[in-house]
Amino acid sequence: MDEEEKMGEDTQTPVEGAEHEANEVVAGFVSDQEPVPASTEAAPTTSGSQLGGVYEAVSEGRAFDTFTHDAMLEKDDILEIEQFDLWYGTNQALYKNSMGVPEGEVTALIGPSGCGKSTLLRSVNRMNDLVASVRIQGDMRLNGDSIYGAGTDVIELRKRIGMVFQKPNPFPMSIYENIVYSLRIDGVRDKNVLDEVAEKSLRGAGLWEEVKDRLEDSALRLSGGQQQRLCIGRAIAGEPDVLLLDEPCSALDPIATGRIEDLITELKGTYTILIVTHNMQQAQRASDYTAFMYLGRLVEFGPTQDLFVRPRLKETEDYVTGRFG
Amino acid sequence: MAKSDPLPPLLQTRRRSSLFARGEPMVWMTGGALVLSIAMIIGLLLIVIVRGGQTFWPQKLKKVARVDGTYLMGELTKTETYKPEDFVFDNIQDPDDRERARAMVAANKGRSERRFIRTGNRSPENREDFMWVSDFEVKQESFPEWALTIERSEWGRFYGIPTAFYIGEEKAADTAEGAWTLYEQHHGDLVDKWTKAAEIEKEEIGDLNDEINDAREAAKGVALEHGEGSRQHQDALAAAQALAEKLEPQLDALRGRVDRMRAESGQYQFLLEDASGKAHRVRLVDIIRAYPANRAGWWDNVGTYIARWWEFLTDEPREANNEGGVWPAIFGTIILTMIMTLIVVPFGVLGALYLREYAKQGTLVSLVRIAVNNLAGVPSIVFGVFGFGFFCYTIGAGIDQVFFEERLPLPTYGKGGILWASLTLALLTLPVVVVATEEALSAVPNSMREGSYACGASKWQTIRRIVLPRAMPGIMTGMILAIARGAGEVAPIMLVGAAKMAPDLPVDGEFPFVHPERSFMHLGFHIYDLGFQSPNAKAAEPLVFTTTFLLIAIVVALNIVAIWIRARLRRAYIEGI
């Protein structure tokens with residue numbers, strides 16, 4: 001990642017209209033936004049006037065720039081989201097979302113229901129391509145490679161990004177076959193390779209000790225928590241660069257949730273994790289950085305502790321303190 | 001109102017909800033409809049099972065002396081009550097008997113019982129083998145001890161009492177018991193010998209004849225290639241002629257051997273006396289099975305019963321399908337259904353996959369879906385007509401033109417055959433499979449598809465590895481419905497290859513072992529044939545039930561296998577046990 005490029009996302013003042021920085025024009029991505037001078041001055045303020053800015057923009061259906069904390073600038077981003085718009089038919093669901101996801105750490109997306117956090121997450125590995133009515137504008141970059149560029153191979157892209165869904169969705173096959181699925185579809189036949197990957201991934205997902213004696217059993221017989229860890233194991237079996245977790249604990253009981261959160265902490269460092277959660281405690285416990293989204297806009301993005309303890313924007317504070325949402 | 005009333009006032013004062021609101025009548029209506037359906041199904045099955053099951057049970061032989069002085073002997077098939085017209089009494093000669101008969105009927109309010117007796121003994125002179133006997137006509141009844149029921153290979157059953165046993169012109173026994181003992185001694189060997197002769201005739205003589213025919217056909221082919229009367233044609237004709245001459249002595253020797261074997265075994269004969277005392281000779285080689293009906297104990301009857309079922313299941317039909325077995329029909333039905341399934345399931349699944357997984361859902365797809373559903377409502381005979389016109393006369397005739405020109409004008413594929421019938425039934429059952437598969441595909445949770453895509457699987461990989469296995473039980477349901485529909489269908493296959501009699505099975509030991517062009521027998525068509533086309537409908541009637549029973553049993557068996565597989569798939573892919 002270039003420093004300059006990150007500068008582009010570093011905007012602090014919610015300004016009216018489509019005022020934002022020009023993206024660096026990189027091969028594969030052409031910004032369709034008009035260039036606007038970058039404002040590099042950090043503004044560590046929590047002001048009531050911000051409130052009007054956000055709500056006003058929302059009511060007028062405008063996009064506004066994210067309040068990005070300074071701390072985010074020092075990080076190496078593995079995934080960059082650049083001025084990303086998304087429409088379902090004629091309904092705009094995402095407005096000019098821009099953020100960088102730091103490598104090897106856990107970034108949480110929080111926000112009230114319907115704020116577009118899952119949509120944003122599913123845009124990262126282009127799962128939204130499966131929805132016929134979806135239209136997008138803007139781009140994302142994984143390790144500098146354009147995700148929405150014309151020449152992008154979606155299949156290869158998805159192999160570099162693991163994803164875990166809200167409801168555990170093990171495939172109707174054995175535990176072993178679930179784990180090695182991504183290798184199977186690549187045509188890997190070597191039993192030694194498969195065995196090795198299966199054990200490594202199951203250990204990585206903290207499931208090895210529980211299932212090592214019944215790898216041939218159907219995955220559907222596992223408990224919900226085990227199934228979700230299996231799905232995580234399946235996602236990391238392909239050695240992805242980024243792991244997307246879409247409310248991975250919403251269908252689980254507290255104990256299973258605790259185990260998943262521990263697992264997230266263990267996986268941190270090895271994998272970059274982007275997690276969507278509606279549970280603010282979970283975001284606080286498990287993530288290093290948090291982005292707050294509201295009605296399709298990315299409102300504030302910063303280190304988790306800062307965002308929860310010292311939010312810069314009034315709207316963020318209202319949400320994290322439970323005043324709305 | 002008492003003070004201690006425990007009900008809160010709200011519930012007390014509230015009006016009772018109406019009968020319809022509580023839904024009580026709906027419970028009775030739905031329950032009643034279910035009971036009615038079950039009763040009809042069970043009733044139908046009971047009739048088929050009871051009547052089909054008793055067909056082969058050996059009956060006692062009753063000898064009846066009638067008041068007009070005639071006798072008859074046979075098996076009782078059914079009894080009914082009727083109102084005799086007055087003139088029937090005029091046929092009774094003796095005035096005393098006539099008055100007694102009148103009195104008997106009058107005492108019974110003008111009604112009389114009558115029995116339908118199978119008297120057998122058909123011959124070129126006697127075509128009638130069933131007879132009604134009213135109670136008032138009966139003078140005397142008896143069960144002659146040594147009366148035999150004889151199942152002949154031609155002309156059906158014979159009922160008679162043996163009086164002697166002949167080997168050639170030599171009388172080997174002159175009592176009923178002696179004759180029966182000799183029969184038991186010799187019958188098995190004689191039948192073996194007779195069968196052997198038939199085998200030689202069919203296999204060895206047949207092979208030689210085939211060789212000569214092949215040579216002649218080859219000559220015909222040469223004529224087509226080089227022109228009629230050309231030198232090559234003449235040579236080929238001469239070669240065929242030479243071959244025929246060369247093989248002639250061999251053929252003669254074989255024919256002589258067969259004739260000798262036949263003559264030898266044909267010498268063993270029963271001399272039998274029928275009910276009216278007339279003598280008949282019956283060759284042992286013409287007897288399929290015989291038993292002294294009135295001497296046989298329960299276990300003997302069980303033996304006969306099982307032997308008859310065995311014959312029914314494994315033999316070819318005889319006597320215009322009225323006797324013998326239905327093996328070719330069983331085989332034809334199963335093979336037809338299997339080929340149909342092999343064709344319709346892949347096609348239906350592929351079609352449904354495209355409709356559900358690939359096609360952009362819209363007006364066109366909806367129209368296609370409606371069209372497919374409507375296809376299920378087209379009368380099956382229309383499919384038969386289509387199959388006849390398209391498969392037999394267009395495709396089949398084309399194949400004949402290209403590959404079997406030398407056999408023309410005799411059609412090879414340009415007529416009804418098991419392949420064309422299977423294809424016709426596959427068309428007929430296609431909508432069932434498509435609809436069921438679509439349902440199954442849409443029941444696969446989207447989360448599984450997404451999980452697969454997220455792992456980097458392509459659409460086809462997702463379909464093959466996730467969607468299809470998960471939808472398999474539902475696809476099996478479609479297959480089961482298709483089998484049930486296809487196996488019982490008669491109308492279309494009558495036009496595209498089902499035959500009244502087709503002893504050559506579509507799969508046999510003759511090269512190339514599978515003969516998709518051959519016509520075939522089918523149980524459903526067999527039922528129709530027995531019930532409505534038989535020259536001896538009364539003798540065929542019980543077989544209608546037996547064959548129906550068999551067809552239902554086969555469909556049930558095929559379904560049970562499919563359901564068993566489906567249950568296993570469901571456990572593996574849906575329940576995960």
Side-chain angles (χ1 to χ4, degrees), chain A residues 121-122 124-133 153-175 177-187 216-222 227-228 230-231 233-240 243-246 251, chain B residues 349 353-366 368-369 437 439-477 565-577:
Chain A
L121 190 80
R122 291 164 59 91
V124 174
N125 64 346
R126 293 184 63 170
M127 288 304 278
N128 284 328
D129 287 11
L130 303 174
V131 183
S133 64
D153 181 347
V154 182
I155 303 242
E156 282 309 312
L157 169 78
R158 289 189 187 138
K159 282 175 185 163
R160 286 168 59 186
I161 301 175
M163 183 163 189
V164 176
F165 296 82
Q166 247 180 51
K167 256 182 77 187
N169 59 350
F171 301 140
M173 43 178 86
S174 69
I175 295 169
E177 287 301 324
N178 260 280
I179 281 289
V180 301
Y181 185 77
S182 53
L183 283 83
R184 285 270 188 228
I185 56 179
D186 280 344
E216 292 310 315
D217 278 14
S218 171
L220 304 175
R221 292 179 64 182
L222 296 172
Q227 287 187 355
Q228 195 62 303
L230 180 70
C231 292
R234 188 172 72 196
I236 61 178
E239 301 277 336
L243 202 52
L244 306 176
L245 308 178
D246 187 359
Chain B
V349 169
L353 267 181
Y354 189 84
L355 268 186
R356 178 61 64 182
E357 300 285 330
Y358 287 106
K360 194 160 177 272
Q361 304 297 318
T363 325
L364 187 65
V365 167
S366 298
V368 170
R369 207 166 273 144
T437 305
E439 296 273 313
L441 291 176
S442 62
V444 176
N446 249 329
S447 65
M448 280 188 188
R449 290 192 180 88
E450 287 186 339
S452 173
Y453 290 133
C455 285
S458 66
K459 184 145 198 169
W460 170 242
Q461 283 169 327
T462 302
I463 289 174
R464 191 173 74 81
R465 290 175 182 271
I466 308 291
V467 178
L468 271 187
R470 183 57 163 55
M472 220 24 140
I475 295 172
M476 291 292 292
T477 303
I565 297 173
R566 180 176 63 178
R568 287 189 52 137
L569 289 171
R570 191 172 278 163
R571 276 204 300 277
Y573 292 123
I574 297 181
E575 288 152 12
I577 298 166

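In the text below, chain A, chain B and the rest are named by the order of the sequence lines, each starting its count at 1.
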Distance (rounded to the nearest 0.5 Å) between Glu450(B) CD and Gln166(A) CD: 10.5 Å
Lys167(A) atom NZ, neighbour heavy-atom count above 12 within 6.0 Å: no
SB check Arg465(B) Glu177(A) (cutoff 4.0 Å): no
Approximate separation, where rounding is to 0.5 Å, of Cys455(B) SG and Arg158(A) CZ: 11.0 Å
Contacting region of Pro170(A) [heavy-atom separation from chain B under 4.5 Å]: backbone
Top contributor to chain A interface from Ala454(B), Ser447(B), Pro469(B) [non-hydrogen pairs under 4.5 Å]: Ala454(B)
Note, Ile466(B) side chain near Met173(A) side chain (heavy atom, < 4.5 Å): yes
Spacing of Thr462(B) atom OG1 and Ile185(A) atom CD1 [to the nearest 0.5 Å]: 7.0 Å
Flag, side chain of Asn169(A) to backbone of Met448(B), donor-acceptor distance under 3.5 Å: no
ring-ring contact (aromatic ring centres under 6.0 Å, His included) against Phe171(A), all qualifying residues, sequence neighbours excluded: Tyr181(A)
Part of Arg184(A) lying under 4.5 Å from any heavy atom of chain B: both
Part of Ile155(A) lying under 4.5 Å from any heavy atom of chain B: both
Interface moiety of Leu157(A) toward chain B, non-hydrogen atoms closer than 4.5 Å: neither
